[in-house]
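Down below is the structure, laid out as structure tokens.
Letters go in sequence order (proteins before strands), and every chain restarts at 1.
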Number of protein chains: 2
Amino acid sequence: MPDASTPRSDYSDTERQIFDAALQVFAREGRHGARMQAIADAADINKAMLHYYFRDKKTLYEEVFAHTVRRFMASFGESLEEAPTFEETLRVFIDGYVEFVRSDEAAMRLMVQENLAGGSLLGKHLREATKSGEAPPQILVDTIAAASEAGEIRSVDPHHTVLSVISTCLFFFVARPTVEIMHPDAAGDWGAFVEVRKEHLFDLIYHGLAP
Amino acid sequence: MPDASTPRSDYSDTERQIFDAALQVFAREGRHGARMQAIADAADINKAMLHYYFRDKKTLYEEVFAHTVRRFMASFGESLEEAPTFEETLRVFIDGYVEFVRSDEAAMRLMVQENLAGGSLLGKHLREATKSGEAPPQILVDTIAAASEAGEIRSVDPHHTVLSVISTCLFFFVARPTVEIMHPDAAGDWGAFVEVRKEHLFDLIYHGLAP
DNA sequence: GTCTGGTTCAACCAAATGGTTAACCGTTAC
DNA sequence: GTAACGGTTAACCATTTGGTTGAACCAGAC
């Protein structure tokens, strides 16, 4: 993944190297498990540089996390395209959202880890990442509510439905090692598996919502 | 949660105290982030006792993890009851599985963390936990395949369908802090939210599979 | 040339952490 | 009584880890 993370554009080369390395290591080892030395090694720089560019571990983590939340929210919004039918909207969203996670699994791991750890940073950064304009998830909720109103789909709770869509799009990445054990063809060709899975998810959810 | 974990019955009182405390701390802080002192404090014992009963951190973690995998698999199987219709089977499974996770969120966190960290321990312990008889997930796959064959539900890929069911049953626990931010009533009364969610999940999936 | 600013590095330090030890306590066996 | 034993404790040790420092490096400005 050559340019999966796209950190803030005002980062220098070294800062970007550090940022990318930190994201990978934090995502694998966890906020506390990650060692500064491991990040330095991954970034192929001296450990002192970490503290030169980012004050300390806490600062580095929060910087990485804050940007990850922004990226995650942005991808959610970008996956939501205006489409003539709800069917098309749903198909495009699943495709876009899953594709984003596939291109940047580390970001997803970071988000999930923060949730598992209690999510104390989530409140501030989630609100901050969605304050300009309506939050992307809310737009999807509204889209579903509208489709329900228009009779395009059954009458369902839009909030719960959005949560279900997100669940199915993300969980198989979260549990990827388990999936690869249980699901032989996933281990063989993950990319192909993801493609099949997108089809299956659209099919299941669309039928689940059809009148 | 007074007796959520039910470790091996041949554990002494102190061992159980340690085991329960370790599960909680490992689940919150992660395998590496967890501090032995924190586990000792949570178990209300001296730190040396951890090493007296379980050789070292690695041993303690693997013991806790192995038992958690077993418990997780067992709950999966126990949620699968013979029922006259597939509709009833699905309803009972969702109810049972969600209820298990609610009663022992720490176990779920451990499983997910191991997946996020790469799942190197999963292979061995998953196989071991499912070697006696057919694996519970496989039974559900067969059940869905049979229902599909019998025309009770649409023709779908049983493996993908099982993964979707599991995704929706687990993910809202995984992302609980985020859910509580986005979903006001979840924050207020989690128990009530879980009940509503079970209904929604059954409804969505059952319609998604209906012919 | 050399001064100056930001950048890079190896060596270093203090604190935290996993793990050990030797003494201690309470109960049981003789 | 006391010796032996499982269990418990505080103090201790060795290593790891986050973080610092001071010297070196390397442009470009003058």
Side-chain angles (χ1 to χ4, degrees), chain A residues 7-68 110 113-114 116-118 120-121, chain B residues 7-68 110 113-114 116-118 120-121:
Chain A
R8 284 214 302 256
S9 50
D10 56 322
Y11 273 172
S12 70
D13 281 358
T14 310
E15 276 171 320
R16 166 170 293 211
Q17 260 175 265
I18 295 174
F19 189 98
D20 288 345
L23 173 61
Q24 298 298 324
V25 176
F26 277 130
R28 276 263 166 226
E29 311 289 345
R31 175 180 192 163
H32 301 289
R35 306 287 110 151
M36 294 298 268
Q37 187 61 58
I39 296 175
D41 291 348
D44 200 37
I45 52 154
N46 188 282
K47 184 163 70 81
M49 302 304 296
L50 298 181
H51 298 93
Y52 180 74
Y53 286 103
F54 303 85
R55 195 175 315 281
D56 53 21
K57 193 179 181 180
K58 185 164 172 284
T59 305
L60 176 57
Y61 178 81
E62 293 204 15
E63 194 96 355
V64 170
F65 180 72
H67 192 271
T68 299
L110 245 208
Q113 290 211 348
E114 189 59 28
L116 293 180
S120 48
L121 288 182
Chain B
R8 284 213 302 256
S9 50
D10 57 321
Y11 273 173
S12 70
D13 281 358
T14 310
E15 276 170 320
R16 166 168 295 210
Q17 261 173 266
I18 295 175
F19 189 98
D20 288 346
L23 174 61
Q24 298 298 324
V25 176
F26 277 128
R28 277 263 168 227
E29 311 288 345
R31 175 181 192 161
H32 301 289
R35 306 288 112 157
M36 295 297 268
Q37 187 60 60
I39 296 175
D41 291 348
D44 201 36
I45 54 153
N46 188 285
K47 183 164 70 82
M49 302 304 294
L50 297 181
H51 298 93
Y52 180 75
Y53 286 103
F54 303 85
R55 196 177 317 279
D56 53 21
K57 193 178 180 180
K58 184 164 173 286
T59 306
L60 176 57
Y61 178 80
E62 292 204 15
E63 193 97 354
V64 170
F65 180 72
H67 191 271
T68 298
L110 245 208
Q113 291 212 345
E114 190 60 28
L116 292 180
S120 48
L121 287 182

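Atom CG of residue L110(A) and atom CG of residue L121(A) lie 10.5 Å apart, to the nearest 0.5 angstrom. Summarising the geometry, atom CG belonging to L23(B) is positioned 5.0 Å from atom OG1 belonging to T68(B); distances are rounded to the nearest 0.5 Å.
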When you compare the protein's N or O atoms with those of nucleotides 7-13 of chain C, which come within less than 3.5 Å of each other, and at what distance?
residue: dT7(C); atom: OP2; partner: Y52(A); partner atom: OH; Å: 3.0
residue: dT8(C); atom: OP2; partner: Y53(A); partner atom: OH; Å: 2.9
residue: dC9(C); atom: OP2; partner: N46(A); partner atom: N; Å: 3.4
residue: dA10(C); atom: OP2; partner: N46(A); partner atom: ND2; Å: 3.2
residue: dA10(C); atom: N7; partner: N46(A); partner atom: ND2; Å: 3.2

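Here salt bridge (charged side-chain N to carboxylate O under 4.0 Å, His left out) pairs that include residues 28-39 of chain B, with residues two or more places apart or in two chains, number zero. Applying the ring-ring contact (aromatic ring centres under 6.0 Å, His included) test to every pair with at least one member in residues 31-55 of chain B, sequence neighbours left out, gives no pairs at all. Legend: side-chain hydrogen bond (donor to acceptor under 3.5 Å, both in side chains) pairs involving residues 41-50 of chain B, not counting sequence neighbours, sorted by first then second residue: Q37(B)-D41(B).
If you take NZ of K58(B) and C1' of dG19(C), they are 15 Å apart, rounded to a whole angstrom.
Take D56(B) and apply the side-chain hydrogen bond (donor to acceptor under 3.5 Å, both in side chains) test, not counting sequence neighbours, and it matches T59(B). With sequence neighbours left out, the side-chain hydrogen bond (donor to acceptor under 3.5 Å, both in side chains) criterion links E114(B) to Y61(B). With sequence neighbours excluded, no residue forms a side chain to side chain contact (heavy atoms under 4.5 Å, CB included) with A117(A).
Listed in residue order, the members of residues 25-41 of chain B having a heavy atom less than 4.0 Å from DNA chain D come to none.
For DNA chain D, the outermost nucleotides in 5' to 3' order that have an atom under 4.0 Å from a heavy atom of chain B are dG6(D) to dA10(D).
A donor-acceptor pair under 3.5 Å is formed between the side chain of Q113(B) and the backbone N or O of A27(B).
Using a 4.5 Å cut-off on side-chain heavy atoms (C-beta onward), I39(A) and F26(A) make contact.
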